[in-house]
Engineer: 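Structure incoming, see below.
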Amino acid sequence: MFNSGDTAWVLISAALVLFMTPGLAFFYGGMVRARHVLGMLMQNIFAMGIISVLWSAIGYSLAFGGNNSIIGDASHLFLSGLTDDGSIPTMAFVAFQMMFAVITPALITGATADRLRFGSYALFIAIWSVVVYAPVARWVWNADGWIYTMGSLDFAGGAAIHINAGVAALAVVMVIGPRKGHGVEPMPPHNLPFTVLGTGILWFGWIGFNAGSALAANGIAAQAVVNTHLAAAAGMLTWLLIERVKTGHATTLGAASGAVAGLVAVTPCAGFIGDASPLIIGAIAGALCYLSLGLKGRLKVDDSLDVIAVHLVGGLVGTVLLGFFADTSVNADGFDGMFFGGGGELLKDQIVAAVAVMAFSFTVTWLIAQAIQRTIGLRVSEGDELTGLDQSVHAESAYQA
Amino acid sequence: MKLITAVIKPFKLDDVKDALKGIGVAGMTVTEVRGFGRQGGHTETYRGAEYQIDFVPKVSLSVVVDDAIADQVVDTIVSAAATGKIGDGKVWVSPVDRLVRIRTGEEGAQAV
């Protein structure tokens with residue numbers, strides 16, 4: 001017998017998470033130059049098309065079918081053979097998880113902005129979703145997945161989504177190289193109002209992303225709503241504070257970036273922590289993500305919109321800090337972290353999970369990117385890049401002169 | 001006839017327009033432009049990285065007038081557009097060889 005409250009909340013959460021992908025499109029779209037904005041919006045919106053089809057056809061079955069600890073099976077191809085055994089219909093879980101599958105590869109587009117061929121991008125995220133995302137989602141969230149059974153915690157996707165997409169972004173930009181003119185000409189954001197609008201949509205949708213992961217309309221979901229919101233708030237404040245001290249100005253882009261950093265970091269923690277923990281985790285994320293902005297320079301990559309600093313670093317911050325801040329008095333299905341009497345066991349499991357996801361995702365993503373690069377090519381021509389993706393790839397203009 | 005061209009601070013456009021209407025100037029053409037002079041550009045900071053923005057937004061205004069009032073128009077623009085701070089812009093005057101009102105075919109002073 002289904003619980004109607006639980007079911008309603010998960011279905012609404014699916015819609016909230018869906019809304020995050022267009023939100024991400026505007027978050028990123030505002031940061032690129034005017035001639036590439038449709039290219040960015042298209043890459044994100046297109047993920048809603050292709051990943052949804054692939055997820056229903058094969059992704060869900062690979063992530064949640066069968067009993068293997070590494071990979072699912074073909075028992076639920078095209079969402080066949082689903083059975084119900086919980087308080088919500090399995091189809092509600094499918095819908096909710098489908099939106100996660102959509103947004104995760106879309107996160108990578110911020111790193112590769114302004115230079116991907118559209119067909120190559122489509123091929124890349126299609127393969128990545130099946131070969132990288134589905135297995136990692138299984139490890140982390142399926143009851144038979146090896147990271148799950150090891151005892152690592154990931155409430156809504158710190159490792160499965162943010163570390164995964166963040167390290168994949170690093171692998172792809174290492175293969176494709178920098179934008180033409182990177183480091184020579186300034187490439188300032190063309191429309192920060194879009195970015196702030198996108199931040200609002202992301203923040204709003206993240207409530208469903210994290211609290212929906214309770215898969216029930218209960219106290220843990222309520223705790224996750226508050227944790228999510230507070231971490232975003234704290235992340236914004238520390239980012240702005242450091243920025244104000246270091247550069248003399250508090251910026252709208254800084255407010256947006258800090259909030260997203262806090263949201264990323266609280267994602268794995270949302271349903272396992274309480275009290276002041278979300279404030280501390282959000283604040284640390286805002287600071288560390290800001291201080292990681294220079295990382296791309298040291299790695300000598302053009303991570304155009306800082307996916308590494310925000311998603312990889314933010315995901316690592318949340319995943320590792322959960323080893324300190326997890327509290328079973330908030331959620332009895334979790335474990336206690338070091339600050340709540342749990343010893344170092346959870347921390348060790350969190351680090352193992354983070355390292356495993358990084359190693360797997362980086363390696364496989366690099367191989368996929370190399371394979372596409374060496375066959376059909378990943379990048380548009382230099383002329384097309386200078387003209388802008390909007391005209392050269394899509395034969396459109398965002399802004400009529 | 002003279003073509004008077006002014007490059008001014010964008011927020012001064014309304015003051016200049018009102019002042020010119022006040023002395024009987026019947027029309028003008030306005031373009032949003034970017035450029036730099038002694039004011040130079042400015043720096044903007046995005047995610048901790050400083051960007052030098054060389055081209056500053058300005059408004060360019062063109063008006064064709066009779067020789068007789070050309071100096072008055074220039075003086076009016078200068079006083080209405082001035083803030084006293086660097087970057088107020090410039091005004092210059094050029095001769096006009098021929099002027100035609102397209103609707104009627106009128107030429108010269110008739111077409112001003």
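To find a chain, count down the sequence lines: A is the first, B the second, and so on, and within it residues start at 1.
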Engineer: Is it the case that more than 12 heavy atoms not belonging to B:Glu107 sit under 6.0 Å from its CD atom?
Structural biologist: yes
Engineer: My understanding is that only residues two or more places apart in sequence, or in another chain, count here; which of them pass side chain to side chain contact (heavy atoms under 4.5 Å, CB included) with B:Ala19?
Structural biologist: B:Thr76, B:Ala80
Engineer: The criterion is side chain to side chain contact (heavy atoms under 4.5 Å, CB included); which residues satisfy it with B:Lys85, sequence neighbours excluded?
Structural biologist: B:Lys9, B:Thr83
Engineer: Could you pull out every donor-acceptor pair under 3.5 Å between chain B and chain A?
Structural biologist:
unit_1, atom_1, unit_2, atom_2, d
B:Arg47, NE, A:Ser257, OG, 2.9
B:Arg47, NH1, A:Leu305, O, 2.8
B:Arg47, NH1, A:Asp306, OD2, 3.2
B:Arg47, NH2, A:Ser257, OG, 3.0

Engineer: What part of A:Leu192 gets within 4.5 angstrom of chain B, counting heavy atoms only: side chain, backbone, both, or neither?
Structural biologist: side chain
Engineer: Might you point out which heavy atoms bring A:Val37 and A:Phe194 nearest each other, and give the distance in Å?
Structural biologist: CG2-CE1, 4.4 Å
Engineer: Could you list the residues that satisfy side chain to side chain contact (heavy atoms under 4.5 Å, CB included) with B:Arg103, not counting sequence neighbours?
Structural biologist: B:Arg101
Engineer: Nearest heavy-atom pair of A:Val264 and A:Gly315: which atoms, and what distance?
Structural biologist: CG1-N, 3.3 Å
